[in-house]
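Here's the structure we're looking at; comments come further down.
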Amino acid sequence: MSGRGAGRQPKYQRIAEELRAAIESGEYGPGERLPGENDLMDAHGVARMTARQALGVLQAEGIVEARKGAGVFVRDFKPIRRRGIQRVAHSEWGEGRSIWATDAAGRELVVDSVEVSEEEAPAVVAGVLDLEEGARVCVRRRRYALDGKPVLLATSYLAADLVSGTPITQPDTGPGGIYARLEELGRKPVRFREEIRSRMPSGDEAGRLELPSGVPVVLVARTAFDAEGVAVEVNEMVLDSAAYVLEYGFEA
């Protein structure tokens, strides 16, 4: 029965599986070029569209990337292990460390773009932060790159009345970042909530993250709450799905 099922599998998927297995076995290492469309057409006796679809499957999975005029290459990038619970612990930012540096695990993490502005709160954000309609918020937009590769877009929203005149409104928030500055204001985050979903990126997101065609993004919306249970920050993150492993550890 399994043989009949395999026979019904589209040819491009079978070719993609063979290429994936070759990559996993080390036949094609990081940065190496895969057989091109012409090679696959000759080796498997398929049409160009079938060969193109096979390579497209691996691109969509984030395993390979197409380089214009050069071919398709195995991605030379080690995924980031994002430990969702440990990274926001007070023991990290309370000691002046960046929670993003926790993700980097010693690799070169760069915030290569920071924009800070004061804007009218989007309706959803105003609801979470318990602000009146039309209230102003401090908006911090950042892009993070690891080993020279853009991997994350993050947008934080905080009530303007709360953070006005503090380093939170500056590009460099200082040691420990936003949460350390909130602690200095007496509004230390003590609880977090994260919501996760996935979708295809917008054109702007794909461009800013330099995503190959067909690669989805992971959306993480984190809300930070103070000791009174009041939300003090909403952080909307867009992650390159092929660059991250999301890890959550908790007691039974």
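Below, each value reflects all heavy atoms present in this structure, side chains not excepted, and no hydrogens, waters or symmetry copies. Here the structure is a predicted model, which means the values were calculated and not measured. Just so you know, residue 1 is the first one in the sequence shown, and it goes up from there.
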Salt bridge (Lys or Arg N to Asp or Glu O under 4.0 Å) for R75 and D240? Distances and angles first, verdict last. CA-CA 13 Å; R75 288 188 73 178; D240 173 357; 3.5 Å; yes

Apply salt bridge (Lys or Arg N to Asp or Glu O under 4.0 Å) to the pair E17 and R20, showing each step before the final yes or no. CA-CA 5 Å; E17 286 185 359; R20 189 186 303 106; 5.0 Å; no

CA sep, side-chain torsions, deciding dist, call: E205, R199, salt bridge (Lys or Arg N to Asp or Glu O under 4.0 Å): CA-CA 11 Å; E205 292 166 344; R199 61 165 168 75; 2.8 Å; yes

To the nearest 0.5 Å, how far apart are [atom1] in [X] and [atom2] in [Y]?
{"X": "E236", "Y": "T223", "atom1": "CD", "atom2": "OG1", "answer": "9.0 Å"}
{"X": "Y12", "Y": "L40", "atom1": "OH", "atom2": "CG", "answer": "15.0 Å"}
{"X": "M237", "Y": "E194", "atom1": "CE", "atom2": "CD", "answer": "5.5 Å"}
{"X": "H44", "Y": "D39", "atom1": "NE2", "atom2": "CG", "answer": "9.5 Å"}

Nearest heavy-atom neighbours spanning [X] and [Y]:
{"X": "L129", "Y": "Y157", "value": "CD1-O, 3.9 Å"}
{"X": "V74", "Y": "V64", "value": "CA-CG1, 4.1 Å"}
{"X": "Y28", "Y": "R33", "value": "CD2-O, 3.8 Å"}

Applying side-chain contact (heavy atoms from CB on, under 4.5 Å) to C138 and V116, what does each step give before you reach the verdict? CA-CA 7 Å; C138 172; V116 185; 4.0 Å; yes

Against S241, only a single residue in L209, L219, L246, V215 fulfils side chain to side chain contact (heavy atoms under 4.5 Å, CB included); can you say which? V215

Look only at the side chain of [X] and the backbone of [Y], and say whether a donor-acceptor pair between them is shorter than 3.5 Å.
{"X": "R208", "Y": "L153", "value": "no"}
{"X": "R14", "Y": "Q9", "value": "yes"}
{"X": "S164", "Y": "D161", "value": "no"}
{"X": "S113", "Y": "R142", "value": "no"}
{"X": "R181", "Y": "T173", "value": "yes"}
{"X": "S156", "Y": "R140", "value": "no"}

What's the verdict on side-chain contact (heavy atoms from CB on, under 4.5 Å) for E120 and R136, showing C-alpha distance, side-chain angles and the deciding distance? CA-CA 5 Å; E120 182 176 320; R136 308 292 288 179; 4.0 Å; yes

Apply side-chain contact (heavy atoms from CB on, under 4.5 Å) to L182 and I168, showing your working. CA-CA 9 Å; L182 287 172; I168 291 175; 4.1 Å; yes

side-chain contact (heavy atoms from CB on, under 4.5 Å) evaluation trace for V232 with L158: CA-CA 6 Å; V232 291; L158 305 99; 5.7 Å; no

Co-membership, hydrophobic cluster, residues V217 and V220, 4.5 Å side-chain: no

Hydrophobic clusters here meaning ILVMFWY residues chained together by side-chain heavy-atom distances under 4.5 Å, can you tell me if L185 and I178 are in one? yes

R193 to F225, cation-pi by 6.0 Å centre distance and 45° axis angle: no

